[in-house]
Amino acid sequence: MTVRVRIAPSPTGNLHIGTARTAVFNWLFAHHHGGKFILRIEDTDLERSRPEYTDNILAGLCWLGLNWDEGPFYQSQRLDLYKTAVQKLLDQGLAYRCYTTPEELEALREAQKARNEAPRYDNRHRNLTPEQEAAFKAEGRNFVIRFKIDDDREIVWNDLVREKMVWRGSDLGGDMVIARASEDGVGQPLYNFVVVVDDIDMQITHIIRGEDHIANTAKQILLYEALGATIPEFAHSPLILNMDGRKLSKRDGVTSISDFQKMGFTPEALVNYMTLLGWSSPESTQEIFTLEEAAKVFSFERVNKAGAKFDWAKLDWLNSQYIHHMPVDKLTDLLIPFWQEAGYQLDGAKDRPWLEQLTAVIGPSLTRLVEAVEMSKIFFSETVEFSDEGSKQLQQEGSSAVLSAVIAALESQPGLTEATAQEIIKQVVKQQNVKKGLVMRSLRAALTGDVHGPDLIQSWLLLNQIGLDKPRLNQAINS
Ligand code: GLU
């Protein structure tokens with residue numbers, strides 16, 4: 001058997017972290033088994049689906065490296081298939097038209113509530129006579145198509161994550177709506193139904209999705225049976241929770257992959273982190289791996305049942321690991337869009353060499369790519385802003401004299417290198433009879449406006465190269 005799995009996002013919002021993590025587990029499982037990973041866009045909800053969300057979803061999956069083998073397939077282009085399947089169930093007497101009005105359903109719900117019962121449809125139109133149907137039609141009532149669910153049916157499956165699952169037909173809310181009214185009398189098919197038709201048609205062998213779909217699985221198993229198809233395996237992955245243990249939501253700040261991208265996470269770190277959201281490697285100390293490496297050892301035996309807490313500190317740590325181990329030219333490629341977005345003027349080919357040097361200087365201090373904007377501000381503006389500590393440092397006794405001596409030494413240097421920069425510092429210490437610390441701190445404050453920051457000598461070399469070091473030193477002396 002060839003493993004065939006799918007990710008089936010609804011384009012009613014940007015690619016969500018939960019959907020992306022489900023995609024990761026599907027991808028890992030497919031690659032572990034040398035199977036196929038299929039992408040299906042579930043865009044049957046015409047009111048809420050938007051093409052820009054589809055674009056966001058496709059771009060997000062590509063950015064994360066979650067390439068798919070087949071698709072994308074669009075449900076909106078497959079309506080005929082679903083209608084044929086609805087008709088088949090109608091013909092077999094497994095589904096029927098229900099003419100209950102929204103007001104009648106509301107009254108039913110109210111009555112159930114008053115009796116402290118769970119809301120459910122009471123299957124009242126299951127056995128209408130042709131005369132009754134004709135009378136409802138004559139009244140101009142709309143219909144939905146319902147699939148018969150027997151209350152005393154027991155639905156059992158062996159979930160690859162949650163093990164044995166048992167549901168009763170009576171827990172499923174009565175005969176389920178599989179299609180809404182439409183002109184042709186067959187109806188506009190709904191989610192729970194079209195998913196099954198598609199999964200059968202696409203020969204999906206394993207359905208891997210979030211545990212919020214468990215109740216759907218119970219219903220869908222009945223549909224597989226009704227449509228005469230083989231029931232696939234199911235794996236329900238745990239939900240992603242915030243640190244308070246509640247389901248991660250918009251209130252927690254970011255939830256879509258494009259938000260994480262804007263915040264400066266690298267795709268490799270984010271996808272690595274998502275792999276660990278609910279799964280752990282058999283080599284439990286190993287936390288950093290590529291998708292391919294994780295795929296080699298991935299199995300549902302190591303997927304937790306309990307919800308996975310989203311830990312920002314861990315994601316930040318992973319991100320910094322990826323950034324710190326990245327070759328400078330690749331990191332420069334990743335930083336350029338952030339600098340551009342911040343409005344810094346860059347001339348691609350001309351600026352590239354010093355941008356790579358800048359990257360080498362700030363790279364080791366970065367946790368998120370976006371931090372490069374603030375950290376490299378001093379290299380992109382003519383003048384520097386002084387922090388309180390920076391100004392204080394420049395007011396220290398001897399600071400101005402030290403800086404004047406540095407300028408004088410610079411005048412006599414044809415070009416600055418790491419060795420000459422060190423030599424200048426040594427000279428000034430001797431000449432001014434001051435501690436090296438004073439020279440270093442004053443230089444840093446003058447050049448960067450602050451007392452903390454990236455490597456001083458490297459920053460100085462860079463500022464020298466772009467002609468900003470002498471103006472900075474003069475600005476500091478005169479401030
Ligand atoms: N379209 C569904 C969703 O976005 C997924 C359906 C499924 O995986 O079965 O939640």
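Please read all numbers here as calculations on a predicted model, not as lab measurements. Counting starts at 1 for both ligands and their atoms, following the listed order. The figures here come from the full heavy-atom set of this structure, side chains too, leaving out hydrogens, waters and symmetry mates.
Ion pairing between D151 and R120 holds under the 4.0 Å rule for side-chain N and carboxylate O.
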Between ligand 1 and the protein, which N/O pairs are shorter than 3.5 Å?
residue, atom, partner, partner atom, Å
ligand 1, 1 (N), A8, O, 2.7
ligand 1, 1 (N), S10, OG, 2.9
ligand 1, 1 (N), E42, OE1, 2.5
ligand 1, 4 (O), S10, N, 3.4
ligand 1, 4 (O), S10, OG, 3.3
ligand 1, 8 (O), R6, NH1, 2.8
ligand 1, 9 (O), R6, NH2, 2.8
ligand 1, 9 (O), Y191, OH, 3.1
ligand 1, 9 (O), R209, NH1, 2.6
ligand 1, 10 (O), H213, NE2, 3.2

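T367 and N319 share no side-chain donor-acceptor pair at under 3.5 Å.
Residues passing the side chain to side chain donor-acceptor pair (under 3.5 Å) test with K330, sequence neighbours excluded: E268. Residues passing the side chain to side chain contact (heavy atoms under 4.5 Å, CB included) test with Q458, sequence neighbours excluded: V361, E418, D455, L461.
Aromatic rings from Y273 and F310 are positioned such that their centres are separated by under 6.0 Å.
The side-chain hydrogen bond (donor to acceptor under 3.5 Å, both in side chains) contacts involving residues 138-148 comprise E104-R141, E139-R141, where partners must be two or more places apart or lie in separate chains.
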